[in-house]
Structures are given as structure tokens and as C-alpha cells.
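Each ligand, and each atom within it, is numbered from 1 in the order the structure gives. Along the sequence shown, residues are numbered consecutively beginning with 1. Just so it is clear, the model here is predicted, and its values are computed rather than measured.
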Amino acid sequence: MQSNRAASKAVSQDAPIIIVGAGAWGLSTALHLRQAGYTNVTVFERAERVPSPYSAAWDINKIVRPEYEDGFYTELALDAIKGWKTPLFGPYFHQTGYVVATTGRAPQKAIDHLHDALKSIERHPTFAPGIRALSSSEDFKQFTWQYSGRLTGFKGYFNRLAGYAHSSDALAGIWEHCARIGVKFVMGEKAGKVEKLLYSSTLGNETLSTDVEPSNGGKCLGVRTADGKEHLADLTICAPGAHGASLIKDLGRFVVARCWSVAHVQLSEEETDFLRGIPTTNVRDLGFFFEPDPKTRLFKLCPLGTGYTNTLSDGTSLPPPERLPPPQDFIPYEDEKKLRQLLRETFPWMADRPFVEQKLCWFADTKDSEYCIDYVPGTQNSLIALSGDSGHGFKMMPIFGSWVTELIAKGKQALPRWQWRTEDLRGKNWGDSVSWRIGRARELQELIDEKSKLIRARL
Ligand SMILES: Cc1cc2nc3c(=O)[nH]c(=O)nc-3n(C[C@H](O)[C@H](O)[C@H](O)COP(=O)(O)OP(=O)(O)OC[C@H]3O[C@@H](n4cnc5c(N)ncnc54)[C@H](O)[C@@H]3O)c2cc1C
Ligand SMILES: *[C@@H]1O[C@H](CO)[C@@H](O)[C@H](O)[C@H]1NC(C)=O
Ligand SMILES: *[C@@H]1O[C@H](CO)[C@@H](O)[C@H](O)[C@H]1NC(C)=O
């Protein structure tokens, strides 16, 4: 099909480049490639429209905060926040301030994490002036006067220079912008869904096209979509979020598809107005919430926990193939309990309201929460894997793509933390050890079994 050229370090600016996935990272990559002068960029996306219901950023909001245990990410988040304040991204950014707390019953792990993360900003020249320690319920009420709950034992801090971004609006807005500046989009379950990556493999003196992943040598030639069409490219950039291992099998050795719960309370117009402007609030041992979305009047809540995996027989975890109920439009009982407790402590008038739009949302997790932004080994710089967002990748959307253009310009990933991993972590249940998550990592199937037991008990 194509001759086996020697590994070239950089692709030329008019070379065909394919991006798989129009999520937060795929779109950011398209934007930055275009801005860097690449003229032939095509994004394949399985959904008909952006935001895709398969994107981890599909819902209404995501926390944008700079505090990390590792100062490396604090500096990146600072750059990202500058990006959120530009005319292109600004409409989606809301600097409501960010309150982080633990309750009086928090396990030590949650308290330690709060202090470790606070260290990264409390002396930082940009953030320090906007930080206030909070040690009583009166302190918390200075920033959220609407609280009527008891805030039992709440302790923590307020960070003025953080907040949230409206994630589905940001995805849609950047999608439209990319289309306007000349990025091509191929959308939908047939034309846009990538089923296979195509590789060249050398058999004797002949070069064949194959969809078998090369173990070493061989180039990625492009993609085959669900309608059977083959699309060729000099460089393929794979960014399908939690679905990475379905296209690059070896990713499943060190990246785990994991999901967290999302739930909402439907508010009235008055209730939405009442809560307008509250800081994004993260109670480390229970969960987090945002100011209500003025358009839908939904008040979003997420429990904090280790999340759930869906481990297949080969030891890799992938999201279940279809996003249909059941099993994914519910949240587990243990998460519901946490969220109701969170509401009882803060806004008790909401604590017994029904939870609507319950969802399990999938992301790509790594053991050390480090991203993977690298060439896939053995593909002669023809295939880049963007993976391992570890549940903290959305905030980087304004700048993420610049790291990919840098990678392409340099021809290799110089930062060890973002390199492709060779260790095989399948079957090693490392989910509980992540410092910022409390609890035991469990399997989706356990939850489904639990739920059907609950339903049977009620019948
Ligand atoms: C519940 C939850 C809460 C989160 N909270 C935060 C937060 O507060 N702050 C933060 O910074 N981050 C947060 N995140 C993480 C953030 O959402 C992700 O880091 C980010 O969305 C990753 O972007 P991505 O482009 O890698 O993947 P995604 O946004 O998931 O996008 C992947 C895209 O690929 C498409 N796709 C998949 N397979 C194919 C295929 N075969 N062919 C074509 N297209 C395909 C999908 O349709 C989708 O559009 C959270 C995640 C979850 C699940
Ligand atoms: C982009 O690349 C594709 C695939 O090689 C090619 O068919 C198309 O003509 C190119 N478009 C432009 C504008 O160069
Ligand atoms: C491949 O090698 C065989 C045996 O050496 C030869 O007969 C054949 O012509 C070669 N094919 C090509 C395409 O060069």
C-alpha cells in the first residue's frame, strides 16, 4: 500500500493527519495543530455531534483548579487557567472560587491529601494572595452564605483563582471554531467511528496493509471506519478517551477504563437564582458540587471515591460497549448515600430530592495519575496515543494540544512522566492506592448485581 519509509522525525505541514475522538483532548489537539500551521487535519468522531455522549466531558461542568500534590501540574494548570481567560475559551470559564474541605468524620487520607494539595499553592506567588483558611462553619458561610446545613467539623480553605468550566459548551464551541478554521470532521456511528487502526507489515520483500498491531516495526497507515472505508494518514493521533485500549490493545496494559458517578438535582428558577455564584465546592470525603447551570437548572453532584472498572477476560478494563440503560444510567447506592450526606450537611432542603440524569462516566486511569502523550513504540512515529487523563484532563483543554505539537516537532517525548509505559499492570488492583481517592475500587458487575438485588427486594 505504502512504502516503508525510514522513521521521519516530523511530519510536513501539509501531510494528512488523523485524530480519533473529538473529546477534550482530540479537539484541543486539532486546534493547536491548525494554529501551528498543519493544513490537513481530519477528526473522526463516532457521535453525530459534539459533545459526544461517550466523552467524559459530556456533562455540564468540570472543576478547574491549580492545586496538585505535584507542583509540575500546578504550573500547567496556571497556564491552562490563562488559556481559559482568552476570548476563545472565556465564555466557558467561571471563576467562582474553589472551596476544599473535609468533614469532621473524614479519614486521615482525605485530610492528608487536602494539606498536600494546599502546599502547592499556599506559597505560590499567583495563588497565595487569594487563599483563605476556613476552620469554622462561619468561615465557610462567608463564601457560601446560602448554607443552611450544619457543616459538621468542616475544615479547609478557599482559593479565589479557580472555579469550573462548562464542559459540554466548551466542547461544542471549540468544535465549531475548529471547523471554521479548516479542521475537517467526519462524524457518526458509521462514517466517524474508527473500528481499526491500519498498519503496514513487511512480509519478505512485500509490504502489506494489516489491522494487526505490530509488536515492533511497522507503521500506522491510518484508520478503518465502521462503514468499511479506509482513510490514510502520515500521522494518526488516537484520543478516544476511556476507549483507548479498544484501538491500541497494549494501552490496556497500563491504562484502565474507570467510571465515576454523576447525579443532578432539578432546581426551580428561584432555587437556581438562590444558588447563583456559589464557589465550586469539594468535600474530599463526600463529593463535590457546582453552582447550578442557568440553562438547564441542574445542580450537579459527584461523589468522591475510587470509581469502578469493567474488567474483561484478558485483564483490560473497557467501558461496556453501549451507553444504554441498564447498566449505566444509575449510580451505586454507596455513592447516593455520600451525596445525600453531603446535601444534609450543606443544603438540607435538597437532601431528599430525587436525583435525575444519573450517569456513570468513563475516563482513562493510570496508576500514578500521569497522562500518556507519546508515540506508540514500534510504529516509526506514525501513531500517537493520547491517554491516561486519570480524571483530571479537562482543565488542560486550552493548552493540551500544544504539548502534542511539541511532541511532533521534537519527534519524541522528553518528559518521562508522559512516556508510553512498558510495565504490564493488568490484574494488579492498584485503584485503592491513588492518594486523592478514598475507598475500595470495585467492578461494575458487582454494582449491577447489587442493584438487581435491591430491585428484587423492593418488588
Ligand atoms: C465523572 C467525571 C468527572 C470529571 N471531573 C473532572 C474535573 O473536575 N476536572 C478535570 O479537569 N477533569 C475531569 N474529568 C476528566 C475529563 O473529563 C477528562 O480528562 C477529559 O474529558 C479527557 O478528554 P479525552 O479527549 O481524552 O476523552 P473524552 O473527552 O472522553 O473524549 C473521547 C472522545 O472519543 C470519541 N470516541 C471514542 N471511541 C471512538 C472511536 N472508536 N471512533 C471515533 N471516536 C471515538 C468519544 O465519542 C469522545 O468524543 C472528569 C471525568 C469524569 C468521568
Ligand atoms: C489531505 O489528505 C488526504 C489524504 O491523503 C488527501 O486525499 C487530500 O487531498 C488532502 N487534502 C488537502 C487539502 O491537501
Ligand atoms: C520478492 O522476492 C521474490 C523472491 O526473491 C521475487 O521473486 C519477487 O519478484 C520479489 N517481489 C517483489 C515485489 O520485489
Which heavy atom in [X] sits nearest to a heavy atom in [Y], and how many Å separate them?
X: Cys259; Y: Leu360; value: SG-CB, 3.9 Å
X: Arg340; Y: Met350; value: NH1-O, 4.4 Å
X: Gln266; Y: Arg297; value: NE2-O, 3.3 Å

[X] heavy atoms, cut-off 4.0 Å: which ligand 1 atoms fall inside?
X: Trp260; value: 1 (C), 2 (C), 3 (C), 52 (C)
X: Ser52; value: 46 (C), 47 (O), 48 (C), 49 (O)
X: Phe44; value: 43 (C), 44 (N)
X: Tyr54; value: 30 (O), 46 (C), 47 (O)
X: Cys361; value: 1 (C), 53 (C)

Between [options], flag the one that comes closest to [atom] by a heavy atom.
atom: atom 44 (N) of ligand 1; options: Lys196, Lys395, Arg46; answer: Arg46
atom: atom 30 (O) of ligand 1; options: Ala56, Gly192, Cys302, Ser246; answer: Ala56
atom: atom 32 (C) of ligand 1; options: Ala165, Ala226, Pro240; answer: Pro240

For residues [X] and [Y], establish whether the separation of their ring centroids is below 6.0 Å.
X: Phe290; Y: His94; result: no
X: Phe347; Y: Phe289; result: yes
X: His392; Y: Tyr68; result: yes
X: Phe72; Y: Trp418; result: yes
X: Trp362; Y: Trp260; result: no

**Asked** Applying a 4.0 Å heavy-atom criterion (strictly less than), which segment of Ala47 is in contact with ligand 1: side chain, backbone, both, or neither?
**Response**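 Neither; no heavy atom under 4.0 Å.
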For [X] and ligand 1, does the shortest N/O to N/O distance drop below 3.5 Å?
X: Leu247; result: no
X: Ala24; result: yes
X: Asp389; result: yes
X: Lys193; result: no
X: Trp25; result: yes
X: Gly393; result: yes
X: His243; result: no
X: Ile63; result: yes
X: Ser261; result: no

**Request:** Evaluate whether atom NZ of Lys85 has more than 12 neighbouring non-hydrogen atoms of other residues, nucleotides or ligands under 6.0 angstrom away.
**Result:**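 Atom NZ in Lys85 is packed in, count exceeds 12.
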Would you mind checking which non-hydrogen protein atom is closest to [atom], with the distance to 0.1 Å?
atom: atom 35 (C) of ligand 1; value: Glu45 OE1, 3.2 Å
atom: atom 31 (O) of ligand 1; value: Gly23 CA, 3.2 Å
atom: atom 29 (O) of ligand 1; value: Ser55 OG, 2.7 Å
atom: atom 5 (O) of ligand 2; value: Pro16 CG, 3.4 Å
atom: atom 1 (C) of ligand 1; value: Val262 CG2, 3.6 Å
atom: atom 50 (C) of ligand 1; value: Lys62 NZ, 3.7 Å
atom: atom 13 (C) of ligand 2; value: Asn40 ND2, 4.4 Å
atom: atom 27 (O) of ligand 1; value: Gly241 CA, 3.4 Å
atom: atom 42 (N) of ligand 1; value: Val194 N, 3.0 Å
atom: atom 13 (C) of ligand 1; value: Gly391 O, 3.2 Å

**Asked** What residue among Tyr92, Trp84, Phe93, Phe89 forms ring pair (Phe, Tyr, Trp, His ring centres under 6.0 Å) with Phe394?
**Response**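 So the option named by the test is Trp84.
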**Candidates Tyr157, Phe154, Phe158, Tyr98 - the one meeting ring pair (Phe, Tyr, Trp, His ring centres under 6.0 Å) with Phe143** = Phe158
**Item:** Arg258/Tyr308 under side-chain contact (heavy atoms from CB on, under 4.5 Å): CA gap, chis, key distance, verdict
**Value:** CA-CA 5 Å; Arg258 202 182 290 284; Tyr308 312 100; 5.8 Å; no
**Prompt:** Do the non-hydrogen side-chain atoms of Leu247 and Pro240 ever get within less than 4.5 Å of each other?
**Reply:** yes
**Request:** Establish, from distance only, whether the side-chain atoms of His264 and Gln358 form a donor-acceptor pair under 3.5 Å.
**Result:** no
**Message:** Before you tell me yes or no, could you show the steps for Arg442 and Glu334 under salt bridge (charged side-chain N to carboxylate O under 4.0 Å, His left out), namely the whole-Å CA-CA distance, both residues' side-chain angles and the distance that decides it to 0.1 Å?
**Reply:** CA-CA 11 Å; Arg442 298 170 71 203; Glu334 59 187 29; 2.7 Å; yes
**Prompt:** Can you say whether the rings of Trp25 and Tyr371 are parallel (under 30°), tilted (30 to 60°) or perpendicular (over 60°)?
**Reply:**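 Plane angle over 60°, so perpendicular.
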**Message:** For His124 and Phe127, take the angle between the two ring planes, folded into 0 to 90°, and tell me which bin it lands in: parallel under 30, tilted 30 to 60, perpendicular over 60.
**Reply:**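 His124 and Phe127: tilted rings.
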**Prompt:** Any heavy atom of Ala239 sitting closer than 4.0 Å to ligand 1?
**Reply:** yes
**Asked** For atom 9 (O) of ligand 2, is the nearest protein heavy atom closer than 4.0 Å?
**Response** no
